[in-house]
Protein chains: 2
Amino acid sequence: MDEKKERKLLILHSIIKDYVETAEPVGSRTIAKKYNFGVSAATIRNEMSDLEEMGLLIQPHTSAGRIPSQKAYRLYVDELMKISNLGKTLEADIRDSYRQYVEEIDNAIKHTANMISRLTSYTSIVLFPQMDTLNCKHVQLIPIVEERVLMVVVTKENIVKNYEIRLSRAVGNEELVKMNNILNHIVKDSNFKNIGSDLTEKLETLSIEENQLLQEVIPIFKDILLKKQEDSVYSNGITNILNFPEFYDVMKAKSFLDIIEKKSKLVQILNEAGKDALNIVIGTENHVAEFQDCSLITATYKIGGENIGSIGVIGPIRMNYDYVVSVMNFLSQELNSQLNKSEENTKGDTIGK
Amino acid sequence: MDEKKERKLLILHSIIKDYVETAEPVGSRTIAKKYNFGVSAATIRNEMSDLEEMGLLIQPHTSAGRIPSQKAYRLYVDELMKISNLGKTLEADIRDSYRQYVEEIDNAIKHTANMISRLTSYTSIVLFPQMDTLNCKHVQLIPIVEERVLMVVVTKENIVKNYEIRLSRAVGNEELVKMNNILNHIVKDSNFKNIGSDLTEKLETLSIEENQLLQEVIPIFKDILLKKQEDSVYSNGITNILNFPEFYDVMKAKSFLDIIEKKSKLVQILNEAGKDALNIVIGTENHVAEFQDCSLITATYKIGGENIGSIGVIGPIRMNYDYVVSVMNFLSQELNSQLNKSEENTKGDTIGK
DNA sequence: TGTTAGCACTCTGCATGGTCGAGTGCTAAT
DNA sequence: ATTAGCACTCGACCATGCAGAGTGCTAACA
């Protein structure tokens, strides 16, 4: 009885494999011939009929072959799929390619996105470090000219963000330093997530004069944390999707591309995808209607053990899951070691300062 | 004889108008009826036949109507078109919408791009200020942690760019200040365009010790000016193009979108478009093959009288030229006054400093 | 009991051919 | 110079028919 079931699954596996390659419904003959099971097409037909009853196969119409259902892909991903390596040389090449992206974290992440889309030929979407997962180390205000000031925020994770701000009046250098000191005093060591309540609390401990000084910077400081959300996502290989017959219909392609352009939606999608090391969201498992013809595979990256963002790839449901998963596994691992290597180097000294 | 020609042009005008609206070849009857010229379709037919001989109309096949040739659009743009205003209320709304984008120049430009694509329903592409058109005012090195340093470059035009860099070793605060001083001494007031030769020249005037100090920062400083090219373009409304029947063919759409994703190509296209206040490039007048089904309308923006970047819109050749031109006129004017208003405010004091 | 060959059936894709309508060019009349 | 009329052309659309792929069922076989 068990080997019976075994064969069914093998057949399902073959069907999925074939369909992923060809995008055409696959018939019993194809399976019998191409994947020599040593039984006739008729037998395969019977098995396929069973698989259809189990909800794993779908027949577009009477005399077409069958295609895997979403449930089948889920089964495949959960139980059938075997994840392989990318191969020593490719892995070494990728590792090498990170060399030039050591300075700015965002570049390493962008590079990861580019690699994802290049390797998988699907569309990649990545989140840059999300402010609300980070912790403030210190803030520095730097005069540019007149009332214009550059605010540099360094997080405990050693991520640097900076923002050009404009005060309502020109502020002298000494005043700016004073501002900076007080500001630092209250934002230091706070967690950006609770910054709203934290700050109002701490502001109360300050003198009236000090409050006055910060009157203008504080709202700006808070704003920044929210505002940059739409800059916090990057995507590459958006036209790759047009290579797949599923999207030859211009309207489908458009609704896909529309979302990719709507950065805020992407942030949401990535946030909903799950926070495991690797997450697979197939078709309607995604809550965003426009992506229900797609599958999404995401991974997270960490600094100092804390999840601070994620990388993902989005393609048709008929996706090469095992390959894509191995790509994502390797790249997220590589990105993580990249990010944390540089942290290891500096962290010790930072704490000591 | 003159009023004869007059009529031909009126007919051409009508055909263009109709074709721009409907994207269907337009026949003699349509023109006769819809734009009541007071003559019969047969007469129009004769005129159209003449216009075709003149190379202004094209007949896709014997029994279809006719469509305007590229030459016709050029004629239209150069001589026939009347540019109107956008209307007081719309103009006021747009002007208002700039309010919130005063802090960072790049945001004002991005906003302009968003407005372009929203108003025209074509795809907008814009260049952020190009480093090589700017002049250096000063540079500031700010320690982040260990060997990581933030380099802030302020231009004479008061544009601020900043880059995270990594030195080969941790550098103490005093040393960094020293570095900063020497660096500033030699880069100050130089024009980024000639920075290569300028710097080598000035480096020779420094002591060996000073040279040593700058050894690492100088190449980085030069790199920066080139490196960020691909970050220097932004585009919005890329999927708008899919609304036009010209791009219902997926392969056409793909080759369009591919270029939009290739930022470096966009920079080239915008640079080739011309540096007048307003430039119109129709179809094959563009040298980039993939955009020869498109028309491009660009405008420049200035700071202190100097061209530093451009904004543009790209759509099908069958474009609503007069409307788009009026949009671009208004927006570039608005952007310019936005950029230079803020400069007026500060320039005086800056020089005094 | 599982497997298989055979056969009728179904459905799509494609080529064919005919009709319709839109639009033209030409000619002759005004 | 303009126009009405008419023959002509071509694409869009639709019905038809055929070939090919694939199925489900049945009866025979190991």
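All heavy atoms count here, side chains included; hydrogens, waters and symmetry mates do not. In what follows, every chain begins at residue 1, and chains take the letters A, B, ... in the order their sequences are listed.
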Q) Rounded to the nearest Å, what distance is computed from the NZ atom of residue A:Lys34 to the P atom of nucleotide D:dA21? A) 14 Å
Q.
Just to verify, what does B:Lys33 make a side chain to side chain contact (heavy atoms under 4.5 Å, CB included) with, not counting sequence neighbours?
A. B:Arg29
(Q) Under a 3.5 Å cutoff, is there a donor and acceptor pairing between the side chains of A:Ser121 and A:Asn240? (A) no
Using atom names, set out every protein N or O paired with an N or O of nucleotides 25-30 of chain D below 3.5 Å, distance rounded to 0.1 Å.
none

Q. Could you give the CE-to-C1' distance, from A:Met48 to D:dA21, as a whole number of Å?
A. 12 Å
Q | Spacing of B:Glu24 atom CD relative to C:dG23 atom C1', expressed in whole Å | A | 13 Å
Q.
Once side chain to side chain contact (heavy atoms under 4.5 Å, CB included) is applied, do any residues pair with B:Asp322, and if so which ones, sequence neighbours excluded?
A. B:Tyr76, B:Met81, B:Asn320
Q) Do the side-chain N and O atoms of B:Ser295 and B:Tyr321 include a donor-acceptor pair separated by under 3.5 angstrom? A) yes
Q: Name every residue in residues 13-22 of chain A that has at least one heavy atom under 4.0 Å from any atom of DNA chain C, in order of residue number, or write none if there are no such residues.
A: none
Q. For A:Lys33 and C:dT4, what is the distance between atoms NZ and P respectively, to the nearest whole Å?
A. 15 Å
Q | Stretch residues 57-73 of chain A: residues that reach within less than 4.0 Å of DNA chain D through a heavy atom | A | A:Gln59, A:Thr62, A:Ser63, A:Ala64, A:Gly65, A:Arg66
Q. A:Gln333: what forms a side chain to side chain donor-acceptor pair (under 3.5 Å) with it, not counting sequence neighbours?
A. none
Q. Considering residues at least two apart in sequence or located in another chain, which fulfil the side chain to side chain contact (heavy atoms under 4.5 Å, CB included) criterion with A:Glu285?
A. A:Gln70, A:Arg74, A:Val281, A:Ile282
Q.
A:Asn279: which residues meet the side chain to side chain donor-acceptor pair (under 3.5 Å) condition with it, sequence neighbours left out?
A. A:Thr298
Q | Residue list, side chain to side chain donor-acceptor pair (under 3.5 Å) with B:Ser117, at least two apart or on another chain | A | B:Asn236
Q: Check the distance between C:dT1's C1' and A:Asp50's CG and give it to me in whole angstrom.
A: 15 Å
Q.
Tell me every residue that passes side chain to side chain contact (heavy atoms under 4.5 Å, CB included) with A:Gln292, counting only those two or more places apart in sequence or in another chain.
A. A:Thr284
Q. Rounded to the nearest Å, what distance is computed from the CD atom of residue A:Glu47 to the P atom of nucleotide D:dG22?
A. 18 Å
Q: Could I get the full list of side chain to side chain donor-acceptor pair (under 3.5 Å) partners for B:Ser124, not counting sequence neighbours?
A: none
Q: Tell me which nucleotide among C:dG25, D:dG22, D:dA4 gets nearest to the side chain of A:Thr30.
A: D:dG22
Q.
Is the phosphate of C:dT4 approached by A:Thr43 (side-chain N or O, under 4.0 Å from OP1 or OP2)?
A. yes
Q) Please, which pairs that meet side chain to side chain donor-acceptor pair (under 3.5 Å) have at least one residue in residues 54-67 of chain A, sequence neighbours excluded? A) A:Glu52-A:Arg66
**Q.** Spacing between A:Ile44 atom CD1 and D:dG22 atom P, to the nearest angstrom
**A.** 13 Å
(Q) Side chain of A:Ser49 only, heavy atoms from C-beta on: which candidate in D:dT2, D:dG24, D:dA4 is closest? (A) D:dG24
